[in-house]
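All heavy atoms count here, side chains included; hydrogens, waters and symmetry mates do not.
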Amino acid sequence: MEEEHSIGYKIRADFRYRVFRKDLNGKTYYNIRISQSNYDGTTTEWYRPVNFKKGVEVPNCTDIIIYKGFENLRPNPKDKYNPITSIMITEFETVENKQLEAKQALEDYQQNLRENEMEELPY
């Protein structure tokens with residue numbers, strides 16, 4: 001049986017996660033979506049903030065496999081008893097996302113069709 005390694009609460013190594021990127025006021029914030037199966041058959045999803053090493057930029061909606069990381073705590077200026085937690089990802093691999101590639105290919109194809117139609121119009 002293969003051993004599972006936990007990086008933080010509900011974050012497993014060698015598991016695929018989608019990274020969501022948000023640029024706000026000159027800073028970049030990253031989150032990953034985590035889901036939990038409940039006893040009643042429903043699923044609960046929430047987002048967990050993640051950080052990458054300095055100089056690493058990840059595009060929005062990128063799928064990654066996390067190999068190494070750790071849970072990071074920093075003081076919360078609004079509530080000293082509840083620190084802000086995040087996951088620091090130190091080693092990861094980008095996984096190709098077939099759905100996003102197919103969507104991008106369709107958009108490019110539709111754009112090319114529009115451009116070709118505009119060229120053929122006799123004005």
Side-chain angles (χ1 to χ4, degrees):
M1 184 168 153
E2 190 174 314
E3 185 178 332
E4 288 185 12
H5 297 285
S6 177
I7 294 171
Y9 181 70
K10 296 285 183 186
I11 307 290
R12 294 192 331 233
D14 299 329
F15 195 75
R16 183 178 182 160
Y17 294 96
R18 178 160 292 162
V19 177
F20 298 96
R21 176 183 172 150
K22 184 175 185 177
D23 295 316
L24 185 64
N25 296 332
K27 291 187 178 183
T28 303
Y29 300 95
Y30 297 101
N31 289 304
I32 57 174
R33 181 175 46 217
I34 302 169
S35 61
Q36 171 180 313
S37 297
N38 301 323
Y39 289 113
D40 60 358
T42 61
T43 303
T44 304
E45 293 182 342
W46 66 92
Y47 293 87
R48 190 80 194 268
V50 295
N51 298 317
F52 294 94
K53 289 193 272 186
K54 196 170 195 168
V56 175
E57 290 194 21
V58 179
N60 190 28
C61 294
T62 301
D63 290 341
I64 64 169
I65 296 176
I66 301 172
Y67 292 120
K68 288 186 181 179
F70 57 90
E71 193 163 24
N72 193 15
L73 298 171
R74 61 186 169 94
N76 186 347
K78 296 180 182 177
D79 185 0
K80 69 177 183 177
Y81 297 108
N82 292 311
I84 298 171
T85 64
S86 65
I87 301 295
M88 178 59 132
I89 299 172
T90 56
E91 288 186 26
F92 69 97
E93 177 184 357
T94 303
V95 180
E96 64 181 72
N97 189 338
K98 300 279 186 198
Q99 289 178 333
L100 286 177
E101 289 176 8
K103 182 179 177 183
Q104 185 63 42
L106 177 62
E107 289 173 0
D108 292 344
Y109 174 72
Q110 290 172 341
Q111 181 66 27
N112 287 338
L113 282 178
R114 283 189 220 109
E115 290 173 0
N116 290 339
E117 288 175 358
M118 294 301 284
E119 289 175 2
E120 294 176 3
L121 291 176
Y123 300 49

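Rounding to the nearest 0.5 angstrom, the gap separating the OG1 atom in Thr94 from the CD1 atom in Ile64 is 7.0 Å. The CG atom of Asn31 sits 9.0 Å away from atom NZ of Lys22, with the distance rounded to the nearest 0.5 Å. To the nearest 0.5 Å, atom CD1 of residue Ile89 and atom NZ of residue Lys53 are 11.5 Å apart. The OG1 atom of Thr28 sits 6.0 Å away from the CD atom of Glu57 when rounded to the nearest 0.5 Å.
Salt bridge status for Arg48 with Glu71: present, with a side-chain N to carboxylate O gap under 4.0 Å.
Between Asn38 and Thr43, the side chains place no donor N or O within less than 3.5 Å of an acceptor N or O (distance only, hydrogens not considered). Counting only N and O atoms by type, the side chains of Asp79 and Asn82 include a donor and acceptor under 3.5 Å apart.
Taking the side chain as every heavy atom from C-beta outward, Phe70 and Thr90 approach each other to under 4.5 Å. Looking at heavy atoms from C-beta onward, Val56 lies in side-chain contact with Val58 at the 4.5 angstrom threshold. Looking at Ile32 and Arg18, their side chains never come closer than 4.5 Å, going by heavy atoms from C-beta outward. Side-chain atoms of Tyr17 and Arg33, non-hydrogen and from C-beta on, never get closer than 4.5 Å to each other. Within the 4.5 Å cutoff, the side chain of Trp46 has heavy atoms near those of the Gln36 side chain. At least one side-chain heavy atom of Lys78 sits less than 4.5 Å from a side-chain heavy atom of Asn76.
Judged purely by atom type and a 3.5 angstrom limit, Asp63 has no side-chain atom pairing as donor or acceptor with the backbone of Val95.
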(message) Quick one, Tyr30 with Phe20, criterion ring pair (Phe, Tyr, Trp, His ring centres under 6.0 Å). Give me CA distance, side-chain angles, the key distance, then yes/no.
(response) CA-CA 6 Å; Tyr30 297 101; Phe20 298 96; over 10 Å; no

(message) Would Ile65 and Phe15 count as a side chain to side chain contact (heavy atoms under 4.5 Å, CB included) here? Give the steps.
(response) CA-CA 5 Å; Ile65 296 176; Phe15 195 75; over 6 Å; no

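Between Phe92 and Phe52, the distance from one ring center to the other falls under 6.0 angstrom.
In plain terms, the two heavy atoms of Pro75 and Ile84 that are nearest each other are O-CD1, 4.2 Å.
For Asn72, there are no side-chain hydrogen bond (donor to acceptor under 3.5 Å, both in side chains) partners, not counting sequence neighbours.
No chain of hydrophobic side-chain contacts below 4.5 Å, direct or via other Ile, Leu, Val, Met, Phe, Trp or Tyr residues, connects Tyr29 to Tyr47.
The local environment of CG in Asp40 is crowded, with over 12 non-hydrogen atoms from other residues, nucleotides or ligands closer than 6.0 Å.
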